[in-house]
Every structure is written in structure tokens, then in C-alpha cells.
2 protein chains.
Amino acid sequence: MTAGLREQKKDATRRALHAAALQLVADRGLDGVTVDDIAAQADVSPRTFFNYFPTKDDAVVGLDPRHSGRLAEAVRARPGAETPVQAVRAVLLDQAREMARDPQLWPLRLQVVDAHPVLAARLSAVFGDAERALTAVLAERTGTRADADALPGLLAAVQGAVMRTALHRWLASGFTADLPALVDEGFDLVTAGFPATPA
Amino acid sequence: MTAGLREQKKDATRRALHAAALQLVADRGLDGVTVDDIAAQADVSPRTFFNYFPTKDDAVVGLDPRHSGRLAEAVRARPGAETPVQAVRAVLLDQAREMARDPQLWPLRLQVVDAHPVLAARLSAVFGDAERALTAVLAERTGTRADADALPGLLAAVQGAVMRTALHRWLASGFTADLPALVDEGFDLVTAGFPATPA
DNA sequence: CACCGAAGTTGCAGGATCTGCAAGTTCCGC
DNA sequence: GCGGAACTTGCAGATCCTGCAACTTCGGTG
């Protein structure tokens with residue numbers, strides 16, 4: 001089942017590079033760290049670094065392109081009886097719980113990303129990929145064409161907005177808030193159509 | 001009113017650089033164009049290029065950082081009687097009309113950006129800045145703290161989602177669709193809370 | 001109108017990023 | 001074992017981007 005030794009090593013190296021990049025940048029700032037530093041920390045040659053990540057920035061963010069497909073696949077796997085919003089909401093809650101599990105990884109990532117606009121852009125690109133894949137799956141589910149119906153693309157984009165907002169508020173709370181709860185709150189507001197003033 | 005000759009020249013140079021970057025990249029692709037090419041096309045030295053844009057990518061996207069504040073300012077200027085959603089919707093419609101006015105600039109921009117994920121990330125960063133500024137203004141309007149109330153941040157993010165989706169659908173239509181109408185459609189869906197299936 | 005400070009342009013040197021290429025080394029299946 | 005595939009590595013080189021120091025141009029002032 002688990003792939004050969006080769007695969008394991010690759011995964012390990014990838015994680016080592018990401019961990020090194022994240023930690024070093026957290027300590028010294030993005031400009032205080034070179035690719036050579038990261039490679040040295042992970043015990044590979046500088047040239048090998050680029051076999052794993054096309055860019056220093058990508059190593060810091062550290063999210064596979066294959067990660068982009070996970071969201072869409074998870075939504076596809078939801079029971080067909082659910083409405084698109086219900087399906088997306090359920091999946092996002094799962095992901096939020098997953099992210100909150102490791103008390104180090106995502107908090108550190110978010111702090112670092114927040115401190116460097118360039119990295120925020122990179123992270124947005126990853127989200128964008130995920131949203132594009134999700135759009136296709138939602139179009140399947142609703143049986144419409146993605147270019148005729150606005151719903152798939154819009155829901156995919158709004159889902160990203162909810163998640164980004166939740167992550168930002170999580171960060172702002174010093175990671176004391178409950179991430180899934182923040183996601184829930186976001187979906188409540190959205191599905192209520194942004195009530196004027198519930199005052 | 002209009003600033004001195006100096007300001008005019010700066011604006012002209014900036015526009016020339018952006019236009020050159022956009023056109024060259026549209027023709028040859030992002031990797032087929034160097035900063036030297038762009039500078040030459042705009043009749044300035046390569047070194048001067050970096051007095052205007054911190055990055056080649058930024059020159060291609062060509063949006064000021066000061067552009068980021070315009071959205072927020074426009075919302076601040078809306079009558080206080082409007083709900084946040086109404087105010088944001090009105091401003092976004094204005095911007096959509098503005099973007100659709102020049103039949104060349106935004107279409108070319110969007111095509112180029114769509115063809116190069118790196119540029120999409122850059123554009124996302126600009127949107128992100130605008131959203132952050134908007135969050136602050138919305139928090140003012142609702143009289144809440146942006147970190148206690150989810151609405152300002154979420155509405156700012158969702159607004160971005162609506163606009164991005166509209167732009168994407170505009171692009172997909174080959175720019176035959178009506179951009180303001182696409183924005184309207186997006187807001188209708190959002191304020192309806194994503195109705196299950198209006199079938 | 002002559003002059004001075006501020007603002008803008010330019011060239012140069014240099015560090016860092018990233019890519020192709022051509023070895024070497026390690027793993028997997030037969 | 002052994003042959004091919006996969007991975008690592010070094011090297012050369014193009015490009016990006018930055019600091020610095022000169023030079024040129026603009027805008028105001030007496």
C-alpha cells in the first residue's frame with residue numbers, strides 16, 4: 001500500500017524543505033533567508049531544492065498543487081441529496097477541523113504569510129486553483145454548464161472568501177478562537193444573505 | 001489642479017511601461033519578455049523601470065497600490081442610510097461600468113492574467129489589499145470592531161468573490177457579456193443566500 | 001532671469017533566483 | 001545480480017532586483 005522507499009524519501013524531503021523554509025523565514029524574515037540556507041537546513045543540495053519547489057515562496061507556503069484537488073474531490077464525495085451549499089459547508093468544516101488539529105503548522109504558516117504580502121499572493125493562487133476545481137465539480141452536481149450558470153463559480157469563490165476570513169480571524173485571535181466555529185459563523189451570515197442589521 | 005510637468009511625465013512613463021509590458025507579454029508570453037525589453041519599448045533605462053514597479057509582474061498587472069484604497073473610499077462616500085451590502089453593491093457596479101468603458105485595457109489585462117498563474121496571484125494580492133481597506137471602512141459604518149464582528153471582513157471578501165467571478169465570466173464570454181449585469185447577478189445570488197434550487 | 005534644492009534618471013557592481021544540461025548515484029522489478 | 005528508471009548534484013548562465021553615486025531636469029524664490 002505505502003509506496004516504495006523512494007516515495008517515502010521524497011515525501012520526507014519535501015516536508016523537511018517546507019519545515020526548514022517556514023521556520024527560517026519565521027525567524028529571519030523572507031529576505032533574510034536564501035534558498036541555499038533552506039537547502040542546507042534540509043540536507044540537500046541547492047539544486048535539489050528546485051526539484052521540489054519551483055520557487056522559494058512556494059516552499060514557504062508548502063502546499064502541493066495536488067492539495068488543490070482535495071476540496072473538489074471531497075465535495076464530489078458528499079451525498080447527492082445535499083444542496084451545493086450544504087455539501088461545501090460540510091467539507092469546509094472538515095477541513096477546518098483538520099487544520100486546527102496540528103497546533104503548530106497552520107498557525108505558523110498563517111503568521112508567516114500574513115507578514116509577507118508576496119506569500120499571501122502565493123497562497124491566494126493555491127486557493128484559486130482549488131476554487132477552479134470546485135467550480136467544475138459543482139457544475140457537475142447542479143447539472144449546469146459552469147459558463148451559463150453563475151452559481152458554481154460564485155459558490156466556489158464565496159467558499160474561499162469564507163475560509164480566508166475565518167483564517168484571518170483565527171490569526172487575529174492569536175489562535176484562541178475555534179476555527180470550525182468561525183467557519184460556521186461565516187456560512188451563517190452568507191446563507192442569511194447578509195441581513196441588514198440584526199440589531 | 002493638474003500637477004506640474006513632473007507629475008504628468010511620471011504618469012505618462014508609468015502608463016507607457018504598463019502598456020509596453022502588457023502588449024509584449026500578450027504577444028510573446030511572460031517568459032519571452034525581459035525587463036530590458038519593456039524598458040526599451042517605453043524609452044527608459046532598465047534601471048528606471050524599477051523606479052516605477054518593484055517587479056516585472058507588477059508592471060504587467062499595472063495597478064497602483066493607491067488603487068487599492070479607491071474601493072474603500074467610494075464606500076465611505078455612500079449615504080449612511082444604505083446598508084453595507086447596498087453601499088458595496090452600488091460601488092461595485094460603478095467600478096464594473098468603469099472597467100467596461102475602455103474596450104481594450106481590462107480585456108487584455110484579464111487575458112494575460114488568465115494565461116499566467118503568477119500574474120493571477122499578483123492580482124489577487126491587489127484585491128486583497130482593497131479588501132483589507134474595505135473591511136476597515138465597513139467596520140466604521142457598522143460601528144463594530146472588525147475583530148469582534150465577522151460581517152465587515154466577510155462582506156469585503158465576498159465582494160471580492162463576486163467581482164472576481166464576474167470578471168471570469170466576462171472573460172469566458174469573450175467580453176460579449178455585460179459586466180455590470182454579471183455583477184448584479186452575483187449580488188442577487190449572494191443576497192438570496194444561495195437558494196437551494198430555484199428550479 | 002539666475003540660482004538652488006528637490007526630484008528623477010541612469011550606469012555599474014553584485015547578490016539571489018531559477019533553468020538547462022550532463023554527469024553521477026540510488027532504487028525497483030525482473 | 002542487473003538493467004533501466006528515478007533522483008541528486010554541480011556548473012554555467014540568463015534574468016531579476018537592489019544599493020550607491022553621479023548626472024540631469026524641474027520648480028520655486030529673490
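Owing to the predicted nature of the structure, the values given are computational and were not obtained by experimental measurement. Chain identifiers are assigned alphabetically (A, B, ...) following the order of the sequence lines, protein sequences preceding nucleic acid strands; residue numbering begins at 1 within each chain.
Taking side-chain N and O atoms only, B/Tyr52 has no distance below 4.0 Å to OP1 or OP2 of C/dG8. Listed pair B/Thr34 / D/dT15 fails the phosphate criterion, with no side-chain N or O lying under 4.0 Å from OP1 or OP2. For B/Thr48 and C/dT9, the shortest distance from a side-chain N or O to OP1 or OP2 is not below 4.0 Å. Under 4.0 angstrom from either OP1 or OP2 of C/dC18 there lies at least one side-chain N or O belonging to A/Thr55. At least one side-chain nitrogen or oxygen of A/Lys10 sits closer than 4.0 Å to the OP1 or OP2 atom of D/dC7. Between B/Lys9 and D/dC26, a side-chain N or O to OP1/OP2 separation shorter than 4.0 Å is present.
Distance, B/Ile38 CD1 to D/dT15 P: 12 Å, rounded to whole Å. In this structure, NZ of A/Lys56 is placed 12 Å from P of D/dC17, rounded to the nearest angstrom. Atom CG in B/Asp57 sits roughly 10 Å away from atom P in D/dC16 (whole-Å rounding). Taking atom CG of residue B/Asp37 and atom C1' of nucleotide D/dT15, one finds them 11 Å apart after rounding to whole Å. Atom CD of A/Gln8 and atom C1' of D/dC7 are 16 Å apart (whole Å). Following rounding to the nearest Å, A/Asp31 (CG) and C/dG15 (P) show an atom-to-atom distance of 16 Å. Rounded to an integer number of Å, the gap from B/Asn51 CG to D/dA21 C1' is 14 Å. If you take CG of A/Asp36 and C1' of D/dC11, they are 14 Å apart, rounded to a whole angstrom.
Ion pairing of A/Glu73 with A/Arg70 is absent here, as no side-chain N (NZ or NE/NH1/NH2) approaches a carboxylate O to less than 4.0 Å. A salt bridge links A/Arg89 with A/Asp188: at least one charged nitrogen is closer than 4.0 Å to a carboxylate oxygen.
Comparing B/Pro46 and A/Phe53 by the nucleotide of DNA chain C whose heavy atom lies nearest to each, the residue mapping closer to the 5' end is B/Pro46.
Checking side-chain atoms of A/Asp129 against main-chain N and O of A/Val126 turns up no donor-acceptor pair under 3.5 Å. The main-chain N or O of A/Ala87 is never found under 3.5 Å from a side-chain atom of A/Arg141 such that the two would form a donor-acceptor pair.
Judged by distance alone with a 3.5 Å cut-off, a donor-acceptor contact links the side chain of A/Arg47 to the base of C/dG20.
Taking every side-chain heavy atom of A/Ser45 into account, D/dT9 is the closest of C/dC18, D/dT9, C/dT10.
Between A/Thr144 and A/Leu151 the shortest side-chain heavy-atom distance does not fall below 4.5 Å.
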